[in-house]
Engineer: 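Supplied in structure tokens, the structure appears directly below.
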Amino acid sequence: MARAGWALLGTLLLSACSGAPARPQDQGEGASSGGERPSIVSLNPCTDAILAEVTAPGQLLAISGYSHDPSSTSMGLEAAARYRGVSGSVEEVAALDPDVVVAGSFLAPPTVNALRDLGIRVVLEPIVSDVEGARNQVRMLAELSGDRAAGERLVARIEDALRRNTAPEGWSPVPSLVWESAGLVAGNDTLVVDLLEHSGFVNSASTRGLGQAEFLPLEQVLADPPRVIFAVGNPLAEEDRMLHHPVLADMKDTLRVPLSRSLIWCGGPTVPRLLDRLGRARRAWLGRHVDTREGPEDAARARGFVQKDT
């Protein structure tokens, strides 16, 4: 799929993060019954990554073209290359003759209806907004694929990442901002902010009265800077100039941490990667400001992280 399509997907994901349904919606018939494992096509980069881990060889017939694009994939490109990529047209999907199509909740109703008319079961997955939703999504997709144990292994990885990146007892949450191209901010009802808070940060966008995908201009950031800025760039957007504006370098008490767009929207295997990134950012903050709380080796690693990534 064309790279520009990810920008549209990002807008849809951002706008859909609040108020997503608690459970996926199933539409249509056609899933295999009994003990057979259904053949699946995934049309969403978030479900692509999960299904690649919980399906048997040959069971996942295709994934979304987004997962073949380094700017939009939520899984490794080498892993994605093992699967056919599709744009999501009814014709492409019908040619693969899957039992089940798994897609995002923003899949166009005419496409859903056409797939249903072909006898294909359609599972519409909401965007997860917290870590509990991420666990539930993994378990649901694993059950759908017929391998609950694979789902529990992935959930165990999420739990391990939560444990190793939990903020220390007595830690004072660090005011932080997830700031994207064009000045968009992450709202509280999002997975990235839930994990941010778990890792020892607090979302300063909400303290400014801002919600999901609202706009925060550079001038307001400079007037009242957070302690950490997680800069989520888009290589296709001219607005990235704002995230790298030279004046930000003069904010000596603010740590800037680049954060990949591929980490902020999806659950599943993305969660441990994001948690480790946030844990490193906390140690970076600690290394700059309070490095008596960790040993010399941890402080040195934190300083290396700051030099490399900011």
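This is a predicted model, so every value here is computed, not measured.
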Engineer: Start with the C-alpha distance between Val228 and Trp285, add both sets of side-chain angles, then the distance that settles side chain to side chain contact (heavy atoms under 4.5 Å, CB included), and finish with yes or no.
Structural biologist: CA-CA 8 Å; Val228 178; Trp285 173 259; 3.9 Å; yes

Engineer: Please report the C-alpha distance between Thr111 and Asn113 in whole Å, then the side-chain angles of each, then the deciding distance to 0.1 Å, and finally whether the side chain to side chain contact (heavy atoms under 4.5 Å, CB included) criterion is met.
Structural biologist: CA-CA 5 Å; Thr111 301; Asn113 292 335; over 6 Å; no

Engineer: Please tell me if the side chains of Val122 and Leu124 come closer than 4.5 Å, counting only heavy atoms from C-beta onward.
Structural biologist: yes

Engineer: Hey, any chance Val202 and Leu191 share a hydrophobic cluster, counting ILVMFWY side chains that come within less than 4.5 Å of each other, even indirectly?
Structural biologist: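 In one cluster with Val202: Leu191, no.
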
Engineer: Could you pull out the closest heavy-atom pair between Pro269 and Glu53, with the gap in Å?
Structural biologist: CB-OE2, 3.4 Å

Engineer: Evaluate the criterion side chain to side chain contact (heavy atoms under 4.5 Å, CB included) for residue pair Val86 and Leu96; output intermediate values, then yes/no.
Structural biologist: CA-CA 10 Å; Val86 292; Leu96 295 171; 4.1 Å; yes

Engineer: Using atom types as modelled and distance alone, determine if a side-chain donor or acceptor of Arg277 lies under 3.5 Å from a backbone N or O of Pro258.
Structural biologist: yes

Engineer: To the nearest 0.5 angstrom, please state how far the CG atom of Asp189 sits from the CG atom of Asn203.
Structural biologist: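 CG of Asn203 is found 10.5 Å from CG of Asp189.
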
Engineer: Look at the side chain of Ser262 and the backbone N and O of Ser74, then say whether any donor-acceptor pair between them is shorter than 3.5 Å.
Structural biologist: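 Judged by distance alone, no pair lies under 3.5 Å.
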
Engineer: Is the closest side-chain heavy-atom distance between Ile120 and Val100 below 4.5 Å?
Structural biologist: no

Engineer: Just so I know, are the side chains of Arg121 and Leu115 near enough to count as touching, which here means a heavy-atom distance under 4.5 Å?
Structural biologist: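 No, too far: nothing below the 4.5 Å cut-off.
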
Engineer: Judged by atom type as modelled, is there a donor-acceptor pair below 3.5 Å linking the side chain of Ser199 to the main-chain atoms of Leu195?
Structural biologist: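 Indeed, once roles are kept as given, a pair shorter than 3.5 Å links the two residues.
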
Engineer: Determine whether Val101 and Leu43 make a side-chain contact, defined as any pair of heavy atoms from C-beta on separated by less than 4.5 Å.
Structural biologist: yes

Engineer: Using a 3.5 Å distance criterion without hydrogens, assess whether the side chain of Ser176 forms a donor-acceptor pair with backbone atoms of Val174.
Structural biologist: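 Confirmed, Ser176 side chain pairs with Val174 backbone.
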
Engineer: With rounding to the nearest 0.5 Å, note down the distance linking CZ in Arg148 to CG in Leu141.
Structural biologist: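 Result: 13.5 Å between the selected atoms.
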
Engineer: Can you check side chain to side chain contact (heavy atoms under 4.5 Å, CB included) on Leu196 and Phe230, steps first, answer last?
Structural biologist: CA-CA 10 Å; Leu196 199 78; Phe230 292 97; 3.4 Å; yes

Engineer: Do Arg273 and Ser260 touch side chain to side chain, with heavy atoms closer than 4.5 Å?
Structural biologist: no

Engineer: Can you tell me how far the OH atom of Tyr83 sits from the CE atom of Met75, to the nearest 0.5 Å?
Structural biologist: 6.0 Å

Engineer: Output yes when a side-chain donor or acceptor of Asp48 lies under 3.5 Å from a complementary backbone atom of Ser64, and no otherwise.
Structural biologist: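 Yes; judged by distance alone, with no hydrogens or angles, the pair exists.
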
Engineer: Taking only Lys NZ, Arg NE, NH1 and NH2, and the carboxylate oxygens of Asp or Glu, determine whether Arg135 and Glu159 approach each other closer than 4.0 Å.
Structural biologist: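 Judged by the 4.0 Å cut-off on N to carboxylate O distance, Arg135 and Glu159 do form a salt bridge.
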
Engineer: If you measure from the Lys or Arg side-chain nitrogens to the Asp or Glu carboxylate oxygens, is any gap between Arg37 and Asp99 under 4.0 Å?
Structural biologist: no

Engineer: Do any N or O atoms from the side chain of Trp179 and from the backbone of Leu216 form a donor-acceptor pair under 3.5 angstrom?
Structural biologist: yes

Engineer: Taking all non-hydrogen atoms of both residues into account, name the closest pair between Val221 and Pro226 and its distance.
Structural biologist: CG1-CD, 4.2 Å

Engineer: Is Glu143 reaching over with its side chain to a backbone N or O of Met140, donor-acceptor style, under 3.5 angstrom?
Structural biologist: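 Side chain of Glu143 to backbone of Met140, a donor-acceptor pair under 3.5 Å: no, none is there.
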
Engineer: Do the non-hydrogen side-chain atoms of His198 and Val131 ever get within less than 4.5 Å of each other?
Structural biologist: no

Engineer: Stepwise, does the side chain to side chain donor-acceptor pair (under 3.5 Å) test hold for Asn136 with Arg139?
Structural biologist: CA-CA 5 Å; Asn136 292 340; Arg139 287 176 169 138; 4.8 Å; no

Engineer: Using every non-hydrogen atom in the two residues, find where Ala213 and Leu184 come nearest and quote the distance to one decimal.
Structural biologist: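 The answer is O-CD2, 3.2 Å.
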
Engineer: Do the side chains of Thr73 and Pro45 get nearer than 4.5 Å, heavy atoms only?
Structural biologist: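 A side-chain contact under 4.5 Å is absent here.
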
Engineer: So how far is it from Asn165 CG to Arg280 CZ, rounded to the nearest 0.5 Å?
Structural biologist: 10.0 Å

Engineer: Is there a side-chain contact between Ile40 and Pro98 (heavy atoms, below 4.5 Å)?
Structural biologist: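 Ile40 vs Pro98: side chains apart.
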
Engineer: Of all heavy-atom pairs between Met251 and Ile229, which one has the smallest distance, and what is that distance?
Structural biologist: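 Taking Met251 first and Ile229 second, the nearest heavy atoms are CE-CD1, 3.9 Å.
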
Engineer: Do the charged groups of Asp160 and Arg163 touch, with an N to O distance under 4.0 Å?
Structural biologist: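 Arg163 and Asp160: salt-bridged.
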
Engineer: Among side-chain atoms of Ser145 and Thr55, is any donor-acceptor pair under 3.5 angstrom?
Structural biologist: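 The answer is no; no qualifying pair exists.
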
Engineer: Closest heavy-atom contact between Val271 and Cys266?
Structural biologist: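 Heavy atoms only, the tightest pair is CG2-O, 4.4 Å.
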
Engineer: Which value, rounded to the nearest 0.5 Å, describes the distance between Asp147 atom CG and Arg153 atom CZ?
Structural biologist: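 Spacing of CG (Asp147) from CZ (Arg153) equals 6.0 Å.
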
Engineer: Between His68 and Ala80 (side chain of the first, backbone of the second, donor and acceptor by atom type, cut-off under 3.5 Å), is there such a pair?
Structural biologist: yes

Engineer: Does Arg227 reach the main-chain N or O of Thr254 with its side chain, forming a donor-acceptor pair under 3.5 Å?
Structural biologist: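 No; zero donor-acceptor contacts below 3.5 Å.
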
Engineer: Please report the shortest heavy-atom distance between Val193 and Ala186, naming the atom on each side.
Structural biologist: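 Closest heavy-atom pair between Val193 and Ala186: CG2-CB, 3.9 Å.
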
Engineer: Would you say CD of Glu132 has more than 12 non-hydrogen atoms from neighbouring residues, nucleotides or ligands within 6.0 angstrom?
Structural biologist: yes

Engineer: Taking 4.0 angstrom as the limit, do Arg84 and Glu92 come out as a salt bridge?
Structural biologist: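 Looking at Glu92 together with Arg84, the answer is no, because their closest N to O distance does not fall below 4.0 Å.
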
Engineer: Let me confirm one number: the OG1-CG distance from Thr207 to Asp224, rounded to the nearest 0.5 Å.
Structural biologist: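 Rounded to the nearest 0.5 Å, the OG1-CG separation comes out at 7.5 Å.
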
Engineer: Counting only N and O atoms by type, is there a donor-acceptor contact under 3.5 Å from the side chain of Thr190 to the main-chain atoms of Ser129?
Structural biologist: no

Engineer: In the single-linkage hydrophobic clustering (I, L, V, M, F, W, Y; side-chain heavy atoms under 4.5 Å), do Leu222 and Val185 co-cluster?
Structural biologist: yes

